[in-house]
Amino acid sequence: MIRLKNEKQINGIRTSCKLLSTMYRELIPLVKPGVQTIEIDQWVQAWIKKMGGRPVFLGYVLKKNPFPAAIYISINEEVIHGIPCKRRIREGDLVSLDCGIDLGGYISDQAVSIEAGRVSAEVKKINRITNESLYKGIEAVKAGDRLLQVSRAVESHIKPNGYGIVHEYCGHGVGLALHEDPHVPNTPHGANPKMNNGMVIAIEPMINLGTADIEILDDGWTIVTSDNRVSAHWEHTVAIFGGKTEILTERLEDLVF
């Protein structure tokens with residue numbers, strides 16, 4: 001069931017989203033070669049607590065396996081759900097960060113892929129194209145239209161580049177819970193509900209340099225590309241209200257490109 005939000009709820013979700021983007025603006029400059037991913041998680045947990053929020057991902061349960069950190073940190077062939085650890089970021093890595101904040105019961109969700117130092121031309125290109133596909137999807141969000149036009153917009157921008165589009169995982173409703181209906185796929189398949197005023201959705205293309213096929217590691221969380229090639233991931237939380245579409249999380253491209 002799709003939960004339509006009223007103006008008060010959208011205002012609360014917007015405030016949570018602005019806080020999350022503010023966190024990213026302070027965090028992104030710290031993500032550089034030599035830093036351990038566990039250090040990033042420790043910083044995130046302390047920052048969110050200081051600001052009066054709760055990290056949504058910490059303790060989130062997937063198949064009876066609670067996530068042990070506040071942020072997903074996925075490097076290179078890791079698509080999503082990477083677990084922070086003692087691994088150090090290296091020059092040329094593509095580091096995808098995905099985080100959410102619960103602020104007084106209102107939940108935000110945003111992901112960004114950061115280029116650590118100097119990356120290869122093919123990594124730089126897939127990161128830029130994935131980011132562009134996110135905005136193509138957002139442009140297709142219109143009250144009264146059907147959801148899968150968002151998926152078609154993402155796919156149409158990616159396909160000419162020959163990249164693999166992850167379809168087992170996708171965007172989703174968000175705002176009062178981390179994962180709500182509807183599913184927001186990056187290829188046009190599945191249910192195709194009408195986009196109505198009050199909908200809040202997370203749109204998040206996950207795009208692979210090679211195959212679209214993925215695997216899950218033994219930790220039960222980390223999703224990797226089957227061919228071990230790089231994957232990029234970008235995400236915004238978006239609301240429809242008053243017949244208009246608003247990106248509730250803030251643009252962060254100026255810190256990445």
Side-chain angles (χ1 to χ4, degrees), residues 13 15-119 127 169 174 177-179 202 204 206 216-224 230-237 249-256:
I13 299 165
T15 300
S16 178
C17 286
K18 299 303 182 189
L19 182 65
L20 178 57
S21 297
T22 297
M23 184 202 77
Y24 272 125
R25 288 204 161 272
E26 295 185 28
L27 173 61
I28 288 172
L30 307 178
V31 181
K32 54 190 178 182
V35 174
Q36 291 182 318
T37 58
I38 190 68
E39 295 174 329
I40 296 172
D41 177 66
Q42 291 167 347
W43 185 96
V44 168
Q45 290 199 40
W47 194 95
I48 293 176
K49 182 178 180 181
K50 178 180 67 176
M51 301 305 289
R54 180 181 70 83
V56 182
F57 297 169
L58 182 61
Y60 188 79
V61 177
L62 181 68
K63 297 181 180 178
K64 300 181 180 179
N65 185 15
F67 192 73
I71 186 170
Y72 302 140
I73 306 179
S74 308
I75 300 177
N76 296 333
E77 77 282 355
E78 297 172 348
V79 181
I80 50 172
H81 300 167
I83 301 175
C85 60
K86 292 184 179 180
R87 177 179 181 178
R88 293 188 185 276
I89 296 169
R90 298 178 302 177
E91 183 83 12
D93 282 345
L94 186 65
V95 184
S96 297
L97 306 179
D98 188 356
C99 192
I101 295 177
D102 180 340
L103 188 65
Y106 298 113
I107 294 172
S108 51
D109 195 4
Q110 185 172 16
V112 55
S113 288
I114 301 164
E115 300 165 8
R118 297 184 63 180
V119 302
N127 198 28
Y169 294 85
V174 70
L178 177 57
H179 292 117
E204 49 178 323
M206 301 158 227
I216 185 166
L217 298 186
D218 291 341
D219 61 28
W221 277 98
T222 310
I223 306 299
V224 298
V230 165
S231 183
H233 180 206
W234 285 82
E235 176 184 26
H236 273 306
T237 296
T249 39
E250 296 178 358
R251 294 174 181 259
L252 300 169
E253 286 77 13
D254 61 307
L255 297 176
V256 177

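In this chain, residues are counted from 1 in sequence order.
- Residues N127 and V256 are in side-chain contact: their nearest non-hydrogen atoms beyond the backbone lie under 4.5 Å apart.
- The side-chain heavy atoms of L30 and V35, taken from C-beta on, include no pair separated by under 4.5 Å.
- Taking CD1 from I107 and CG from D102, the interatomic distance works out to 4.5 Å, rounded to the nearest 0.5 Å.
- In this structure, M51 CE and L103 CG are separated by 9.0 Å, a value rounded to the nearest 0.5 Å.
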Would L58 and F67 count as a side chain to side chain contact (heavy atoms under 4.5 Å, CB included) if you check the C-alpha gap in whole Å, the side-chain angles of each, and the deciding distance to 0.1 Å? CA-CA 6 Å; L58 182 61; F67 192 73; over 6 Å; no

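- Between the side chain of N65 and the backbone N or O of D219, at least one donor-acceptor pair lies under 3.5 Å.
- The CD1 atom of I80 sits 7.0 Å away from the CD atom of E204 when rounded to the nearest 0.5 Å.
- Distance check: D98 CG to D109 CG gives 5.0 Å after rounding to the nearest 0.5 Å.
- Contact annotation: the side chain of V61 approaches that of P66 to within less than 4.5 Å [non-hydrogen atoms, C-beta and beyond].
- The stretch residues 19-34 participates, sequence neighbours left out, in these salt bridge (charged side-chain N to carboxylate O under 4.0 Å, His left out) pairs: R25-D254.
- Here the closest non-hydrogen pair linking A116 and V95 is CB-CG2, 4.5 Å.
- Proximity of T22 to W47: side-chain heavy atoms (C-beta onward) are separated by under 4.5 Å at one or more points.
- The two residues Q110 and S21 have their closest heavy-atom pair at OE1-OG, 2.8 Å.
- Taking both residues in full, the closest heavy atoms of A69 and Q45 are given as CA-NE2, 4.3 Å, listed atom of the first, atom of the second, then distance.
- Side-chain atoms of S96 and E78 form no donor-acceptor pair, as typed in the model, at a separation below 3.5 Å.
- The heavy-atom pair separating P29 from Y24 by the smallest distance is CD-O, 4.4 Å.
- Taking both residues in full, the closest heavy atoms of L62 and W221 are given as CB-CH2, 3.3 Å, listed atom of the first, atom of the second, then distance.
- With rounding to the nearest 0.5 Å, the separation of OG1 in T237 from CD1 in I13 is 8.5 Å.
- Ring pair H81/Y72 is tilted by interplanar angle, where 30° to 60° counts as tilted.
- Two residues are said to be in side-chain contact when any heavy atoms from C-beta on lie closer than 4.5 Å; Q36 and R87 fail this criterion.
- For the atom pair CD1 of I83 and OG1 of T37, the computed distance is 10.0 Å after rounding to the nearest 0.5 Å.
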Evaluate the side chain to side chain contact (heavy atoms under 4.5 Å, CB included) criterion for residues V31 and I89: first the C-alpha distance (whole Å), next the side-chain angles of each, then the deciding distance (0.1 Å), finally the verdict. CA-CA 8 Å; V31 181; I89 296 169; 3.6 Å; yes

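- Summarising the geometry of C99 relative to I71, their closest heavy-atom pair is CB-CG1, 3.9 Å, with the distance given to 0.1 Å.
- Between the side chains of H179 and Y60, a donor-acceptor pair is found at a separation under 3.5 Å.
- Side-chain contact check for E115 versus L94: some heavy-atom pair is nearer than 4.5 Å.
- At distances below 3.5 Å, not a single donor-acceptor pair connects side-chain atoms of T222 with backbone N or O atoms of L217.
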